[in-house]
2 protein chains.
Amino acid sequence: MVTMREIAHKAGVSVSTVSLVLSGKDSGRVNTKDAARIRQLAHDMGYTMNPLARSLRTNRTKILGFVSEEVATTPYAGRLILGAQDAASRNGYVMLTVNTDGLASEKKEIEALKSYGVDGFLYAKMYNQYIHLPDDLQGHPTVLVDALDGDRGNIPSISPDEFLIGYDATCRLADAGCRKIAYIGCSDPMLAQDGRRQGYEAALADRGLTLSRDLEIAVGNERGASRAVCKLWDQTQPDGFFCFNDARALHVYEQAARRGLYVGKDISVIGVDNHLVFAQTLNPRLTTVELPHYEMGYWAVSKLISLIEGDNRSSSSILHRNGQDTALPVSTVPIPSLEAKTPVRIHCAIIEKESIVS
Amino acid sequence: MVTMREIAHKAGVSVSTVSLVLSGKDSGRVNTKDAARIRQLAHDMGYTMNPLARSLRTNRTKILGFVSEEVATTPYAGRLILGAQDAASRNGYVMLTVNTDGLASEKKEIEALKSYGVDGFLYAKMYNQYIHLPDDLQGHPTVLVDALDGDRGNIPSISPDEFLIGYDATCRLADAGCRKIAYIGCSDPMLAQDGRRQGYEAALADRGLTLSRDLEIAVGNERGASRAVCKLWDQTQPDGFFCFNDARALHVYEQAARRGLYVGKDISVIGVDNHLVFAQTLNPRLTTVELPHYEMGYWAVSKLISLIEGDNRSSSSILHRNGQDTALPVSTVPIPSLEAKTPVRIHCAIIEKESIVS
DNA sequence: CTGAAAGCGCTTACAG
DNA sequence: CTGAAAGCGCTTACAG
């Protein structure tokens, strides 16, 4: 590894000068010709700065801490991490990822990240929920992912807009010609279930379609789920299904197979999916949309960096595409079975708050 | 952050002494009573060592670099990372994870890791394959995951024992009473496909069961796959299916549904799964076994650390369970449909080579 | 515009 | 057994 001293020696200047130039603080302070020569030399010698040495003086490591619970069990985490890493890499940061199972390990892992002097934290949950920021994170720049600050509410966060997800999906089913749309929900209590169901109901109301308790069920992961779907089907004969997730969608798919029906031909299905690959490769007839995890990760890191560096560029603009406003539109898989050529959009709610001074 | 200087001041000794004690090099060099006092003081003051400052002197950061291609698209990566992180955390290391899509970004990301002074690298591929170690990694302690060194072959690696996977699964089907076992394979060329098919065939031969080309197909991810399974079924009427992965298994499941048959009652299915959650929660009747990704990650990091620290404890012993030898047995989901109470085991081949001197 | 000097928190010969 | 000193690679007032 080549150091500033070596460059200084070769250039016949002092280390101070090299430092000034290489950290871009040379304008009006170092002779332009020298500056250029030093930069060239650094490049030729393959200089890469030692961020650790720098951090000793600056207290800035350009390391971000990613604290997540059980990266393990949820496949979506991959895309989230990918988005986060891309954003980090783009800004010259790097990510230290730790995993926590319980509260004990969380404290320990956060301490470890602190000892490495991370500049800020990403705190990610497995599903959308209100949380209390861990005490160890208080006062440190932090952005929440798939979580909302349940306290005073001043922590920036990004999480899916569950209502819009349900609303969009249901509208799309209606637009595809479905007249009787069922909702196969989740029996566990979570923000996502409530929001998506409300979106579903609002869409039905807006489109003047049947709104009936008989068309809604909330099932768990147990064996009875498939039977419940079977019963709903017998009673109401829906022509469209909005499913809380891919697990629920598969029950619909199974029932369709047992009835000799084909999804995409006889009935329409939209399921929200955390696991795009499966849906795409396994079963082209099972239509799913994925949550914009990549974008969430990307936004979260961009936001965190702007907190850290204290700049005021609006981080929400990072994800402005297609002229959307507060919602984060994301292109996902096209839905051939609904004959829609346009991609489905899933929205993310972005909560921006005051920067935290550390 | 409390420093050694503060402790030294409070203890009335020099920083050198504190350093000696706190890094465990005090025996026979520092008064035992003082040592104990310093240790107590450090604990009371909540001292945590600054590993970055230390690294400036020692060239050891206790940071591991994890280089993987597209953490994103494969769900199994989560468990791999989890295992790796657990092993790292257990040994006082921390992991810097980077993602590469193409070769260009790979070089860049590896450079970034180097500039942060990582002590060693994990180089993980998405599926079992022979590879050429990137030049930038040459001479650095490195362990391969889901990959085998295609060159001189001196890089330690861990990857699934594909043959044993196929052999075990097929034997289990035979033991469950299946007399005509089909193999639904993968049409893409990969080590896993060849190995698993060979294991399947060997098991059939050992158990004296029908071995026929008609019972084997290799399908891709396209729509025709389900039709191919349908045709095989019509022609041969198997009572057991060994599936390359869960995607293939689902085709079997679909065909069973369309025929009014139930997996686990009328036929038996074993699929190798990269995505345990789905299989478990979605469809209790679809029987899959998962690859031991957690264990692979854990082993790889343990091995890497032993390379770095140059100790000679056999790292394969780390994963010795159930008295197995070179193979890595892993307990996975029980298989109720086959009425087996014992867990299925999947094996990993561990390739241990000479340590690399950096 | 430029360099000498001090210092970030630690480790490690070296002299006592 | 113990401490003063040098140094890891960098940054940043400060003096010229």
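Residue numbers start from 1 in every chain, and the chains themselves are labelled A, B, ... in the order their sequence lines are given, proteins ahead of strands.
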- Item | Dot-bracket summary - DNA chain C, pairs being Watson-Crick or G-U whose distances fall under 3.5 Å, with | when paired to another strand | |||.||||||||.|||
- Query: Do B:Glu6 and B:Tyr47 have side-chain heavy atoms sitting under 4.5 Å apart?
  - Reply: no
- Item | Any side-chain heavy-atom pair of A:Ile155 and A:Val143 under 4.5 Å | no
Whole Å only: how far is the [atom1] atom of [X] from the [atom2] atom of [N]?
X: A:Arg5; N: D:dT11; atom1: CZ; atom2: C1'; result: 16 Å
X: A:Leu22; N: D:dT11; atom1: CG; atom2: P; result: 8 Å
X: A:Met1; N: D:dC10; atom1: CE; atom2: P; result: 11 Å
X: A:Met4; N: C:dA4; atom1: CE; atom2: P; result: 16 Å
X: A:Glu6; N: D:dC10; atom1: CD; atom2: C1'; result: 14 Å
X: B:Asn31; N: D:dC1; atom1: CG; atom2: C1'; result: 8 Å

- Message: Quick test of your reading: applying salt bridge (charged side-chain N to carboxylate O under 4.0 Å, His left out), list the pairs with at least one residue in residues 104-118 of chain A, sequence neighbours left out, ordered by first then second residue.
- Response: A:Lys107-A:Asp136
- Item | Pairs where residues 39-53 of chain A contributes a residue and the test salt bridge (charged side-chain N to carboxylate O under 4.0 Å, His left out) is met, not counting sequence neighbours | A:Asp26-A:Arg39
- Contact residues, residues 37-53 of chain B to DNA chain C [heavy atom, < 4.0 Å]: B:Tyr47, B:Met49, B:Asn50, B:Ala53
Could you run down the sub-3.5 Å N/O contacts of the protein with nucleotides 12-16 of chain D?
| residue | atom | partner | partner atom | Å |
| --- | --- | --- | --- | --- |
| D:dT12 | OP2 | A:Lys25 | NZ | 3.2 |

- Message: With nearest nucleotide decided by heavy atoms, which residue, B:Arg54 or B:Val30, maps closer to the 5′ end of DNA chain D?
- Response: B:Val30
- Atom pair CG/OH of A:Leu52 and B:Tyr116 - distance to nearest 0.5 Å: 7.5 Å
- Task: Have a look at B:Asn59 and say if it touches a base, only the backbone sugar-phosphate, or nothing, with a 4.0 Å heavy-atom cut-off.
- Result: nothing
- Message: Show, in sequence, the C-alpha distance, side-chain angles and deciding distance for A:Leu22 and A:Ile7, and conclude whether the side-chain contact (heavy atoms from CB on, under 4.5 Å) test is met.
- Response: CA-CA 11 Å; A:Leu22 259 29; A:Ile7 296 176; 4.1 Å; yes
- Message: Starting the side chain at C-beta, find the nucleotide from D:dT2, D:dT11, D:dG9 nearest to A:Leu56.
- Response: D:dG9
- Message: Under the criterion side-chain contact (heavy atoms from CB on, under 4.5 Å), I'd like the reasoning laid out for A:Leu56 against B:Leu56: C-alpha separation, chi angles, the key distance, then a yes or no.
- Response: CA-CA 9 Å; A:Leu56 220 45; B:Leu56 220 45; 3.3 Å; yes
- Query: With sequence neighbours excluded, what pairs up with A:Gln129 under the side-chain contact (heavy atoms from CB on, under 4.5 Å) test?
  - Reply: A:Glu69, A:Lys125, A:Tyr127, A:Ile131
- Query: Is a side-chain donor-acceptor pair under 3.5 Å present for A:Asp151 with A:Tyr130?
  - Reply: no
- Message: Quiz question: by atom type and distance under 3.5 Å, do the side chains of A:Ser16 and A:Ser19 form a donor-acceptor pair?
- Response: no
- Can you tell me if NE2 on B:His43 sees more than 12 non-hydrogen neighbours from other groups inside 6.0 Å? no
